[in-house]
Amino acid sequence: MKVLREVDLQALNTLGLPATAESLTRVASVDEARDALAWAEVRGCSLTVIGGGSNLVLQPWLPGLVVVPSGTDWHLEPLAGDDVRVQVAAGVNWHRLVVALAEQGLWGTENLALIPGLAGAAPIQNIGAYGVELAEVLEAVHLIERDTLEARVLTREECAFGYRDSVFKQALAGRVIITRLVLRVSRRPRPRLDYGDLAARVPASPSAADVVAAVSAVRREKLPDPAVLGNAGSFFTNPVIDVARAQRLLDEWPGMPHFPLADGRVKLAAGWLIDRSGLKGLRDGHVGVHDRQALVLVHHGGGSAAELLALAERVAAMVEARFGVRLTREPRVLGEAVPGKA
Ligand SMILES: Cc1cc2nc3c(=O)[nH]c(=O)nc-3n(C[C@H](O)[C@H](O)[C@H](O)COP(=O)(O)OP(=O)(O)OC[C@H]3O[C@@H](n4cnc5c(N)ncnc54)[C@H](O)[C@@H]3O)c2cc1C
């Protein structure tokens, strides 16, 4: 097992925040993941898994061992009828997988195009975009339990998926290394174009590749490219409130976007709440609120996690003062502000 010391993580997080890992290793197989867990156990040090670093706020120091999944194999298993099973190693680049499946005429993941990161992280927050969530195509998740080193397979039901939520953010948070996903896609065309203006951007009877191209084009127009401007996508989840509170807000703000949910509650648009709090385009030192998409906090360079988290708190406090709604942060904060002090 190759362990690198004092590894610069700035290029390994899409916010581009300065951070250093005490040590880092890449694991391409279940056995290598077990070796990494044993290595950390013997030394009594902490272990952190990082994928593409696109849903993280990294503090300056990551103590112990950082593990990066690096297995990139994936393959198809034809099933009876039109369905096809896809076995995907945790280190596969998510967007490249989506493109490859669409090019082979396989439907199911096309609306999830251009979401950064690795496949292994996709179940953590049940990635979703353009009316589709990972849960709809996921059959199973292979993982290793960190405490027992035992390999397990969780069914979709056991993953307890919800809106930007799963068992991996709840009961199993920080307790597993995901090593493989099993997806189920289909050769039967099933375009999902009911979100935004997607339908207007594809030809009649589109191919899955047409939908990937349309979703990618919309995303490029709306979201800053992390390669150009550091960001972690949506910084807050859309708040879900009860219907009585939603009605009171709608009485005051008739134009407020709101989406009734199956359970009777109402989802609000966090970006609209931030925009209407007058924060879109705000710049505060090295960080700010994106000028086209208020839900995205950006790092202009030269800043720190502390600055970004202070801005996030300021945004949340202003939205709460105006709308009485508390925003919840989406990216996970990892590491220590000062070595030895989490
Ligand atoms: C420009 C941009 C747009 C985005 N758009 C969307 C979007 O439309 N929809 C959406 O849902 N998300 C979106 N995101 C967020 C992000 O891309 C996803 O959450 C993605 O799945 C994170 O993958 P990652 O490999 O970068 O994970 P990381 O950020 O590296 O890690 C995220 C979390 O998962 C854990 N983790 C990662 N891999 C594993 C593993 N193998 N086993 C166990 N734990 C693991 C980490 O410890 C961490 O807690 C966007 C981000 C950006 C920057």
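By convention here, the first residue in the shown sequence is residue 1. Counting starts at 1 for both ligands and their atoms, in listed order.
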Notebook entry, point to check: Considering only the protein, which heavy-atom contact is closest to atom 8 (O) of ligand 1, and what is its distance?
Noted result: Arg219 NH1, 2.9 Å

Notebook entry, point to check: Should Pro226 be counted as touching ligand 1, given the test is an N or O pair under 3.5 Å?
Noted result: no

Check: Are Asp31 and Arg34 ion-paired here, with the side-chain N under 4.0 Å from a carboxylate O?
Finding: yes

Check: What do you reckon, is CD of Gln10 surrounded by more than 12 foreign heavy atoms closer than 6.0 Å?
Finding: yes

Next item on the list: Identify which of Leu229, Val176, Leu15, Asn231 has a heavy atom lying nearest to atom 43 (C) of ligand 1.
Entry: Val176

Next item on the list: Please write down residue, atom name and distance for the protein heavy atom closest to atom 48 (C) of ligand 1.
Entry: Leu56 CD2, 3.6 Å

Check: For Gly53, is at least one N or O under 3.5 Å away from an N or O on ligand 1?
Finding: yes

Margin query: Using a 4.0 Å heavy-atom cut-off, which part of Thr14 comes near ligand 1: side chain, backbone, both, or neither?
Written below: side chain

Next item on the list: Could you list the atoms of ligand 1 found under 4.0 angstrom from a heavy atom of Ala129?
Entry: 8 (O)

Checklist line | salt bridge (charged side-chain N to carboxylate O under 4.0 Å, His left out): pairs with one or both residues in residues 218-229, sequence neighbours excluded | finding: Arg201-Glu221

Check: Within a radius of less than 6.0 Å around CZ of Arg43, do more than 12 heavy atoms belonging to other residues, nucleotides or ligands occur?
Finding: yes

Check: Would a 4.5 Å heavy-atom cut-off, applied to side chains only, mark Pro116 and Trp94 as touching?
Finding: no

Check: What part of Pro116, side chain from CB on, backbone N/CA/C/O, both or neither, has a heavy atom under 4.0 Å from ligand 1?
Finding: both

Check: Out of Val215, Leu118, Ile124, who gets a non-hydrogen atom closest to atom 45 (C) of ligand 1?
Finding: Ile124

Note to self: Below the 3.5 angstrom mark, is there an N/O of Ile50, backbone or side chain, next to an N/O of ligand 1?
What the structure shows: no

Next item on the list: Could you tell me whether some N/O pair between Arg332 and ligand 1 is separated by less than 3.5 angstrom?
Entry: yes

Next item on the list: Indicate yes or no: does Glu313 engage Arg326 in a salt bridge with an N to O separation below 4.0 Å.
Entry: yes

Item checked: Protein residue, atom and distance nearest to atom 13 (C) of ligand 1, heavy-atom basis -> Ile115 CG2, 3.8 Å

Notebook entry, point to check: What residue and heavy atom of the protein are closest to atom 41 (N) of ligand 1, and at what distance?
Noted result: Ile178 O, 3.0 Å

Check: Taking both backbone and side-chain atoms of Val49, is any N or O found less than 3.5 Å from an N or O belonging to ligand 1?
Finding: yes

Next item on the list: Please determine if Thr48 has a nitrogen or oxygen closer than 3.5 Å to a nitrogen or oxygen of ligand 1.
Entry: no

Checklist line | Close side-chain approach of Leu308 to Phe235, heavy-atom, < 4.5 Å | finding: yes

Margin query: Students should be able to answer this: which protein heavy-atom is nearest to atom 9 (N) of ligand 1, and at what distance?
Written below: Gly128 O, 2.7 Å

Next item on the list: If you have a sec, work out which protein heavy atom is nearest atom 53 (C) of ligand 1 and how many Å separate them, to one decimal?
Entry: Gly233 N, 3.3 Å

Checklist line | Criterion side chain to side chain contact (heavy atoms under 4.5 Å, CB included) against Leu58, the qualifying member of Asn13, Thr48, Leu12 | finding: Asn13

Checklist line | Atom indices of ligand 1 within 4.0 angstrom of Gly117 heavy atoms, with elements | finding: 23 (O), 24 (P), 25 (O), 26 (O)

Note to self: Quick test of your reading: applying ring-ring contact (aromatic ring centres under 6.0 Å, His included), list the pairs with at least one residue in residues 184-226, sequence neighbours left out, ordered by first then second residue.
What the structure shows: Tyr130-Tyr195

Notebook entry, point to check: Between Glu136 and Arg192, does at least one N-O distance fall below 4.0 Å, as a salt bridge requires?
Noted result: yes

Next item on the list: Could you find the nearest protein heavy atom to atom 19 (O) of ligand 1 and give me its residue, atom name and distance?
Entry: Gln125 NE2, 2.9 Å

Check: Tell me, do Pro191 and Val202 make a side-chain contact under 4.5 Å, heavy atoms counted?
Finding: no

Check: Which option, Ala121, Gly230, Ala122, owns the non-hydrogen atom nearest atom 38 (N) of ligand 1?
Finding: Ala121

Check: Which residue and non-hydrogen atom of the protein lie closest to atom 24 (P) of ligand 1, and at what distance in Å?
Finding: Gly52 N, 3.3 Å

